[in-house]
Protein chains: 2
Amino acid sequence: MPNKTYHHGNLSAELVLQAIQLLESEGLEALSLRRVAKETGVSQAAPYSHFKDKKALMSAVAIEGYRRFELKMRKGTERESHYIIGLGMGYVMFALENPALFSLMFSGERVNFTEVDNNSHAFSTSYALLLNAVKEDPLVQFGKEKPEFDSMFLWSLVHGLAKLILAKRIQGADFAYESDESLVRALLEKYLVV
Amino acid sequence: MPNKTYHHGNLSAELVLQAIQLLESEGLEALSLRRVAKETGVSQAAPYSHFKDKKALMSAVAIEGYRRFELKMRKGTERESHYIIGLGMGYVMFALENPALFSLMFSGERVNFTEVDNNSHAFSTSYALLLNAVKEDPLVQFGKEKPEFDSMFLWSLVHGLAKLILAKRIQGADFAYESDESLVRALLEKYLVV
DNA sequence: CGCGCAATCTTAACGCTGTCAAGATATACT
DNA sequence: AGTATATCTTGACAGCGTTAAGATTGCGCG
């Protein structure tokens with residue numbers, strides 16, 4: 001309920017949402033504190049009542065990002081034949097569908113990871129999804145002696161894939177796939193499933 | 001031979017070197033055109049005689065980065081029992097030893113990849129190293145039917161590993177290793193060598 | 001050799017950015 | 001009701017990327 005009162009009533013939450021909107025519509029580079037403030041209809045210095053820094057606001061944005069990220073991965077596992085494939089597809093597809101947000105979430109220059117972890121469990125629960133997957137799913141070919149190793153391996157793989165596709169260093173078209181998505185699926189199925 | 005003449009004589013090359021120096025000493029965020037110019041002892045607008053943009057200078061920096069990157073990976077293969085392991089270690093260790101430069105090299109916001117590829121073969125030859133490795137080295141466990149797939153897989157893995165270690169999302173200490181390097185080695189040996 | 005042209009560099013200015021200090025305004029509590 | 005506190009605005013600062021105008025230099029051509 002944002003009224004035209006002097007006090008906004010809900011600023012900190014709305015700043016985060018506006019930031020995400022700006023992020024998707026105009027990209028990471030265009031995301032300035034002043035733009036976010038203006039778009040929210042508030043003065044340039046207003047955010048400083050809620051966030052000590054630009055980095056603090058960005059961290060809040062990252063937290064919301066991790067929340068959506070976890071959701072996406074959970075949904076990925078639903079209609080999928082293999083749990084692991086669903087997770088991996090969820091991971092990469094989130095990155096491809098929310099490129100700027102994903103970049104922000106893993107950008108140490110813009111986000112204070114300690115702050116993120118102190119104020120949210122979204123990141124660690126996302127990781128727990130991976131860890132559980134490699135513990136439970138019998139389709140993973142790497143054995144069960146060291147599940148932490150396997151999850152780290154999996155994580156690095158999908159993270160690198162996402163990053164390289166976003167950087168256009170890997171493209172589905174280069175391998176005669178109709179989309180990046182189908183390339184990713186083929187890759188995951190080849191290397192993760194027996 | 002940079003004299004105190006009005007004309008510098010070697011500006012474009014020296015700007016690139018100064019940029020790399022600033023990158024390593026003060027990080028990605030501190031790397032401004034004006035800082036680079038000042039450090040080189042030249043006016044703020046001088047770089048515009050050699051680069052049309054900040055992005056153009058950054059692309060030149062990235063090219064030099066890829067050149068060193070390739071060298072590092074080649075050296076990695078020398079004293080190593082397995083070619084693939086050497087390459088992978090070279091990849092990740094370059095990232096850990098030159099964090100800011102590595103970030104820049106893969107940052108689509110700061111670097112124009114098309115410009116990089118048009119003015120240098122360093123990137124593609126780096127990739128060719130990987131491709132050759134998976135073609136030749138019999139120790140890779142993924143078969144030889146689709147080497148392009150295997151190299152993409154390998155690339156994503158090491159890239160993700162590097163990124164996540166830089167973001168402190170993966171740390172050797174978490175697994176009781178004395179360094180990130182030994183964790184990476186253990187991981188690569190487990191998943192890449194039969 | 002000298003003259004002019006083109007390359008190179010400087011100075012000055014523009015609008016943008018993050019941040020802070022001072023003060024205005026509204027809400028909450030006693 | 002009145003005061004303390006949280007919230008927001010205005011105005012300012014230095015630093016950023018970029019451009020325009022002009023100064024300085026080196027090079028090629030007569």
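Proteins get letters first, then strands, A, B, ... in listed order; numbering begins at 1 in each.
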Taking NZ from B:K38 and P from D:dA14, how many angstroms apart are they, rounded to a whole number? 13 Å

When the distance from CZ of B:F51 to C1' of D:dT19 is rounded to whole Å, what number comes out? 18 Å

Provide, to the nearest angstrom, the distance between the NZ atom belonging to A:K55 and the P atom belonging to C:dG18. 14 Å

Counting only side-chain heavy atoms from C-beta out, which of C:dT10, C:dA21, D:dC8 sits nearest to A:A45? C:dA21

A:K54 NZ to D:dC16 P: how many Å, rounded? 15 Å

Upstream residue (5' side of DNA chain D) when B:L33 and A:Q44 are each assigned their closest nucleotide: A:Q44

Expressed in angstrom and rounded to an integer, what is the separation of A:D53 atom CG from C:dT17 atom P? 17 Å

Does B:L11 or A:A30 map to a spot on DNA chain C nearer the 5' end, using the closest nucleotide for each? B:L11

If you check every side-chain atom of A:Y48, which of C:dT19, D:dT10, C:dC9 has the closest atom? C:dT19

Does OP1 or OP2 of C:dT8 have a side-chain N or O of B:S49 closer than 4.0 Å? no

Protein-nucleotide distance (A:K52, atom NZ; C:dG18, atom P), rounded to Å: 15 Å

Could you give the CG-to-P distance, from A:N10 to C:dT27, as a whole number of Å? 14 Å

Just call it for B:S32: base, sugar-phosphate, or nothing, with non-hydrogen atoms closer than 4.0 Å on any strand. sugar-phosphate

Does one side chain, of B:S126 or B:Y66, offer a donor that lies under 3.5 Å from an acceptor on the other? no

Using whole Å, what does the distance between atom C1' of nucleotide C:dG18 and atom CD of A:E29 come to? 17 Å

Check whether any side-chain nitrogen or oxygen of A:H50 sits under 4.0 Å from OP1 or OP2 of D:dC8, and answer yes or no. yes

Just checking, B:R185 and B:Y177: is the charged tip under 6.0 Å from the six-membered ring centre and within 45° of the axis? no

Are a donor atom and an acceptor atom from the side chains of B:T125 and B:E70 found within less than 3.5 Å of each other? yes

Checking A:R67 against A:F123: charged group under 6.0 Å from the ring centre and within 45 degrees of the axis? no

Under 30°, 30 to 60°, or over 60°: which ring-plane class applies to A:F69 and A:F106, parallel, tilted or perpendicular? perpendicular

To the side chain of A:R35, which of C:dT17, D:dG17, C:dC9 is closest? C:dT17

Check every atom of C:dC9, D:dA12, C:dC20 against the side chain of A:R34 and return the nucleotide holding the closest atom. D:dA12

